[in-house]
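The next block holds one structure in the form of structure tokens; read it before the comments.
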Amino acid sequence: MDELVVVGNGMAGIACLEALFGHAPDRYRVTVFGDEPGPNYNRILLSALLNGELEPDELVLHPLKWYAERGITLHLGARVARLDRVRKRVVSEGGIEVGYHRLLLATGSSAFVLPIPGREREGVFVFRTLEDCRKIALASKRGRRAAVIGGGLLGLEAARGLRNLGLEVTVVHLMDRLMERQLDPPGGAMLARAIRAQGIAVRLGTKTEEILGDDDGRVRGLRFADGSELDCELVVMAAGIVPNAELARSAGLACKRGVIVDDLLRTSDPDIFAVGECAEHRGICYGLVAPLYEQGRVLAAHLADRPTAPYEGSVVSTKLKVSGIDVFSAGDFAEDDGCEVARSEDSRAGIYRKLVLRDGRAVGAVLVGDLAPSAELDRCVRARAEVTEPGALLFGAAPERSAAPPVVALADD
């Protein structure tokens with residue numbers, strides 16, 4: 001039985017293992033190294049943990065019993081220090097040394113810490129792990145005003161958690177709209193209105209230049225590029241992620257932003273593989289769950305010696321509840337002269353829908369406030385399906401799948 005070592009105990013690596021056990025439960029003796037002290041958990045629910053809706057145990061995806069039942073040797077709180085590719089050994093910081101036949105790097109990513117003065121002050125946090133949530137929740141009891149730097153998904157989730165803890169919260173975002181990777185300008189504006197309606201302030205197009213502090217080193221506010229300031233006692237940085245590729249880079253594996261992998265998720269060493277946020281495939285590092293699971297399924301079949309189609313990249317779609325507000329996007333929703341756009345907006349109800357067509361085929365979509373058409377829009381965008389009645393598709397059903405007439409065909413009453 002060959003030895004498979006997994007470096008990383010996060011969602012991507014363990015999902016890959018789960019798929020592998022489904023194909024070939026007795027193919028490998030498996031060892032897993034995890035930096036954090038507990039089992040694999042759902043990072044998507046961290047905001048619910050922060051605001052007290054969930055307890056830490058409710059985030060666990062694979063309890064310790066799951067590992068034991070599959071004969072997995074699990075090393076928790078054990079960061080891997082180096083890879084010996086010649087001897088095929090993995091060595092942890094604590095001196096644990098394990099040999100491998102095949103090695104899976106699922107080291108994930110780390111929160112990007114803005115290189116600005118004051119980032120080391122007491123009261124500055126990132127929002128990435130269970131421990132981060134614990135620290136932020138404790139700090140929230142010592143202040144009443146918080147700033148979240150970053151208007152992406154994690155930043156908005158952190159803002160909601162802090163608001164639910166009773167703090168005055170301001171989201172500070174460098175770009176001109178919230179969640180600019182998932183939303184177009186009208187969709188981002190709709191989301192910003194909904195966030196503000198929850199009592200969270202939003203400052204867009206704002207660059208943070210310094211974290212201000214008092215004489216004892218604690219945070220007292222932010223200074224922005226325009227010279228203005230914001231008073232706060234707690235700062236959460238949620239300005240993006242950085243793939244954890246240093247272990248691979250130090251071992252001589254080909255890396256750019258992440259660990260470079262081919263269509264079978266192999267690195268430049270044929271016995272070492274990578275999945276998840278640390279992996280760079282065709283120039284892209286994915287940060288959403290669905291592509292990471294797609295990678296894991298392909299790699300699991302390959303490790304089990306089962307025929308599998310190569311991983312050719314993912315059509316990225318997101319279906320999220322951001323601060324309680326439904327958001328969906330798929331494909332390429334940017335507009336140019338060569339595309340057709342169908343759009344509907346109800347600002348009072350907080351509902352926005354958009355479908356982008358190119359040569360009559362669906363290539364991108366955005367929804368805010370109502371996700372009824374999301375499944376069909378996702379299917380059409382992934383398949384680049386031909387769409388003859390975009391209005392019918394936007395309002396919940398593709399015409400070829402529904403006997404109901406489009407809205408424009410209904411009688412006036």
Side-chain angles (χ1 to χ4, degrees), residues 11 42-48 51 53-54 151-157 159-161 177-198 200 202 286-294 314-335 340-357 361-385 387 389-408:
M11 296 172 70
N42 189 343
R43 295 185 191 277
I44 297 171
L45 299 177
L46 284 176
S47 63
N51 65 33
E53 293 177 13
L54 296 177
L153 172 62
L154 274 180
L156 296 179
E157 289 295 285
R160 182 193 187 198
R177 65 185 184 275
L178 298 175
M179 294 185 67
E180 70 279 354
R181 293 187 177 182
Q182 288 84 26
L183 296 175
D184 63 351
M190 184 78 71
L191 179 60
R193 284 196 293 272
I195 295 291
R196 289 182 174 116
Q198 296 179 357
I200 298 172
V202 178
Y286 294 95
L288 298 171
V289 170
L292 313 188
Y293 284 176
E294 290 174 19
S314 298
V315 176
V316 177
S317 65
T318 57
K319 186 176 181 180
L320 309 164
K321 188 175 286 289
V322 183
S323 292
I325 303 151
D326 290 318
V327 172
F328 166 84
S329 67
D332 180 10
F333 50 80
E335 301 176 31
E340 303 171 65
V341 179
R343 195 188 331 258
S344 169
E345 183 172 351
D346 184 340
S347 57
R348 176 172 293 183
I351 295 173
Y352 174 73
R353 303 180 180 94
K354 173 183 175 180
L355 173 63
V356 180
L357 306 176
R361 297 183 178 276
V363 296
V366 176
L367 300 173
V368 177
D370 177 18
L371 303 191
S374 62
E376 192 64 15
L377 285 169
D378 193 31
R379 181 192 72 82
C380 289
V381 170
R382 288 179 183 276
R384 293 182 68 90
V387 177
E389 295 185 51
L393 182 56
L394 272 185
F395 284 91
E400 66 269 19
R401 293 194 173 192
S402 172
V407 173
V408 293

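The first residue of the sequence shown is numbered 1, and numbering continues consecutively from there.
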> With sequence neighbours excluded, what pairs up with Lys321 under the side chain to side chain contact (heavy atoms under 4.5 Å, CB included) test?
Replying inline: Asp326
>> I'd like to check the side chain to side chain contact (heavy atoms under 4.5 Å, CB included) partners of Ala192; sequence neighbours left out, ordered by chain and number.
In response: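 Listed in chain order: Leu178, Arg196.
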Which pair of heavy atoms, one from [X] and one from [Y], lies closest together, and at what distance?
X: Leu393; Y: Cys380; value: CD2-SG, 4.0 Å
X: Met190; Y: Ser347; value: CE-CA, 4.0 Å
X: Phe333; Y: Glu180; value: CZ-O, 4.4 Å

Find the distance between [atom1] ([X]) and [atom2] ([Y]) and round it off to the nearest 0.5 Å.
X: Lys354; Y: Asp184; atom1: NZ; atom2: CG; value: 3.5 Å
X: Phe328; Y: Asp370; atom1: CZ; atom2: CG; value: 12.0 Å
X: Asp378; Y: Ser317; atom1: CG; atom2: OG; value: 4.0 Å
X: Glu157; Y: Leu46; atom1: CD; atom2: CG; value: 9.5 Å
X: Leu183; Y: Thr318; atom1: CG; atom2: OG1; value: 7.5 Å
X: Ile200; Y: Leu156; atom1: CD1; atom2: CG; value: 7.5 Å

> Under 3.5 Å, is there a donor-acceptor pair linking the side chains of Gln182 and Ser329?
Replying inline: no
> Taking Glu340 as the fixed residue, which of Val387, Val363, Leu357 is the one that meets the side-chain contact (heavy atoms from CB on, under 4.5 Å) rule?
Replying inline: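 Of Val387, Val363, Leu357, side-chain contact (heavy atoms from CB on, under 4.5 Å) with Glu340 is met by Leu357 alone.
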